[in-house]
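Any value given below was found using the heavy atoms of this structure, including those in side chains, with hydrogens, waters and symmetry copies removed. Note that the coordinates shown come from a computational prediction; the quantities given were computed from them, not determined experimentally. Proteins come first, then strands; the chains are lettered A, B, ... in the order of their sequence lines, and each starts at number 1.
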Protein chains: 2
Amino acid sequence: MGSIQPQGEPFIEADGVRVDARDVEALRGVDEYGSMYRAAEELGRSYARIQRRVSELEETFGPLLTRQRGGTGGGGSTLTANARDLLGRFDRLRAEFSGLARTEESVFSGTLVDRDGLLGTVETPAGTIRAIVAGAGSEGDATAEAGDDTESPDDTNEIVQVSVRSDAVVLTTPEEAPKPSETSVRNRFAGTVESVESEGGIARVTVDVGVDAPLRALLTETSRETLALEPGETVVASFKATAARGVLAPEHGGSVGSESAEVDTTEKGTSEDTTGNDTSEE
Amino acid sequence: MGSIQPQGEPFIEADGVRVDARDVEALRGVDEYGSMYRAAEELGRSYARIQRRVSELEETFGPLLTRQRGGTGGGGSTLTANARDLLGRFDRLRAEFSGLARTEESVFSGTLVDRDGLLGTVETPAGTIRAIVAGAGSEGDATAEAGDDTESPDDTNEIVQVSVRSDAVVLTTPEEAPKPSETSVRNRFAGTVESVESEGGIARVTVDVGVDAPLRALLTETSRETLALEPGETVVASFKATAARGVLAPEHGGSVGSESAEVDTTEKGTSEDTTGNDTSEE
DNA sequence: AGTCGTTGTATCTATATTGATGCAACGACG
DNA sequence: CGTCGTTGCATCAATATAGATACAACGACT
């Protein structure tokens with residue numbers, strides 16, 4: 001108990017109207033029980049609310065239910081193909097998210113030395129990393145919150161934290177590692193396997209790449225066996241630039257002047273104690 | 001206008017308490033303006049609310065602010081290292097999410113023929129895919145919503161939709177494609193480049209893998225050039241099993257008995273019209 | 001023509017969240 | 001020792017969201 005969990009509430013938005021988990025639950029209820037009325041009953045929610053909500057959603061997402069009022073059994077409602085499509089999207093989105101929560105990330109801190117559109121080159125203690133760097137650069141994205149005043153047209157030399165999801169890290173045997181000219185993988189690190197733990201057919205491998213925090217990779221147990229990955233083995237870890245995300249480290253406006261860690265790794269979904277982060281001392 | 005956007009509201013949770021974008025905004029305000037009071041003022045929010053909220057969060061996340069009451073200037077508050085760590089996590093999470101929204105996914109529908117813990121083998125028209133399949137299988141995860149009654153201990157032969165994010169797809173030249181014994185990449189498809197569009201240093205490539213909907217890949221423009229990817233070229237597209245997510249397709253309880261698409265590709269973040277999905281006709 | 005279980009509204013209430021306001025306590029500083 | 005702009009806390013009001021209830025309209029079926 002008490003574990004810190006980065007997560008996300010999935011939703012599908014159009015024109016400022018959001019379809020969230022609750023809406024999906026309702027629609028699925030209608031599909032299952034044949035009418036909004038019964039769905040409301042079974043789900044323990046008010047019919048009025050569901051009815052209003054569906055109508056509201058239909059204004060922006062198009063027809064979701066085919067209603068029939070009267071008739072045998074009094075009528076009922078069935079989902080349109082449109083609605084099914086929406087449900088499918090939501091399910092996949094949710095799967096993506098739950099996976100994201102389960103996936104650890106490795107983060108490297110470095111300085112942005114070059115930028116071309118969304119693509120940035122970050123110099124880190126572990127080597128050069130190419131990543132998609134959000135912010136200032138080009139497009140105005142939905143990330144922009146209130147109070148952001150980083151408007152620097154050129155953000156090179158800024159401190160950037162690059163994070164890579166462990167499920168995006170590919171491990172290869174050193175001998176057979178393909179040259180960059182042959183794949184679309186731009187980031188490569190040589191290292192040695194530090195630890196391996198397996199569970200449910202999935203193996204978590206940490207790779208020492210020369211800096212204090214390891215690079216984490218998520219593999220199938222099958223792959224781990226095939227590659228004969230054991231602690232001490234040498235491997236090449238690589239990941240695509242488009243799978244790595246860089247975040248401009250916001251400089252603290254006010255008081256403390258230090259921080260700016262070199263490298264640190266943050267576990268997602270497994271960590272439990274945040275307090276003792278040896279990052280910024282006094 | 002009117003584009004459908006799958007998204008997610010990031011948050012960090014512990015013990016049922018969530019730190020959301022609003023909280024982060026407030027904390028960042030304190031960092032910037034030096035006190036909760038001024039932060040509230042500048043952000044146009046009530047001081048009382050922020051004060052209560054911070055105290056509330058501190059109960060589960062540990063000390064976030066170092067308060068000083070009285071003293072020169074009346075006092076003020078500064079962030080603890082703990083709080084900075086939290087902000088950092090949130091930023092990276094948000095970056096992950098905004099990236100997710102921008103990333104297209106390719107989805108293949110098939111039947112689950114085998115399962116080992118989280119890992120499933122799915123037979124699709126395009127070939128066999130190994131993916132992490134959520135649900136029923138093993139662990140009770142946070143995804144479970146009300147009304148889920150898929151309790152089948154064995155869900156083989158169920159219909160599954162496998163989705164792969166385009167930033168997880170690696171493209172290689174056919175000659176040099178590494179054998180599966182040498183990498184941790186389990187899913188490979190041979191195909192031909194269908195279309196290429198480039199923007200901001202990032203290229204979106206669609207690969208025809210023999211089924212009607214293409215596999216999408218996101219590359220750096222540099223990679224695209226290096227691999228000389230142009231429409232018509234043959235390539236090998238591969239992705240890790242741990243980067244592919246499978247979702248059990250919920251069978252519609254009630255009425256329509258068809259649907260169950262073979263393969264369809266859903267664009268994330270760029271699509272604008274949902275209605276005309278040529279998946280299930282009439 | 002009556003029955004039945006819906007849909008479609010409208011109105012009222014309950015609850016949760018947030019803002020607004022007031023006020024005592026604080027403590028370095030002049 | 002008073003000033004000042006905070007923190008800490010309590011209380012009330014405003015707002016948003018969801019449930020509760022009521023009732024007319026509907027239309028295939030008996």
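Atom P of nucleotide D:dA25 and atom OH of A:Tyr37 are separated by 19 Å, given to the nearest angstrom. The CD-P distance, from B:Glu59 to D:dG8, rounds to 13 Å in whole Å. For the pair B:Gln51 CD and C:dT17 P, the interatomic distance rounds to 17 Å; values are reported in whole Å. One interatomic measurement links the two molecules: CG of B:Leu64 to P of D:dT7, which rounds to 14 Å at whole-angstrom precision. To the nearest angstrom, C1' of C:dC4 lies 13 Å from CD of A:Gln68. Atom CG in B:Asp20 sits roughly 12 Å away from atom C1' in C:dT17 (whole-Å rounding). Protein atom CD of B:Glu41 is 15 Å distant from nucleotide atom C1' of D:dT7, rounded to whole Å. One interatomic measurement links the two molecules: CZ of A:Arg69 to P of D:dA24, which rounds to 13 Å at whole-angstrom precision.
Using a 4.0 Å cut-off between charged side-chain N and carboxylate O, A:Arg38 and A:Glu42 make a salt bridge. Ion pairing of B:Asp167 with A:Arg165 is absent here, as no side-chain N (NZ or NE/NH1/NH2) approaches a carboxylate O to less than 4.0 Å. Salt bridge A:Glu9/B:Arg18: present, at least one basic N to carboxylate O contact under 4.0 Å.
One finds no side-chain N or O of A:Thr72 lying less than 4.0 angstrom from the OP1 or OP2 phosphate oxygen of C:dG5. Note on A:Arg67: a side-chain N or O is less than 4.0 Å away from OP1 or OP2 of C:dG8. A:Ser77 has a side-chain polar atom (N or O) that falls below the 4.0 Å cut-off from OP1 or OP2 of C:dT7.
Residues A:Ser55 and A:Glu59 are not in side-chain contact: their nearest non-hydrogen atoms beyond the backbone lie 4.5 Å or more apart.
When every heavy atom of B:Leu79 is checked against every heavy atom of B:Asp31, the shortest pair comes out as CD1-CB, 3.7 Å.
A donor-acceptor contact shorter than 3.5 Å is absent between the side chain of A:Ser163 and the backbone of A:Glu105. Within the 3.5 Å criterion, the main-chain N or O of B:Gln5 finds no donor-acceptor partner in the side chain of A:Glu13.
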Treat primed atoms plus P, OP1 and OP2 as sugar-phosphate and everything else as base, then score nucleotides 17-23 of chain D 5' to 3': B for base contact with protein heavy atoms under 4.0 Å, S for sugar-phosphate contact only, - for none.
-SBBB--
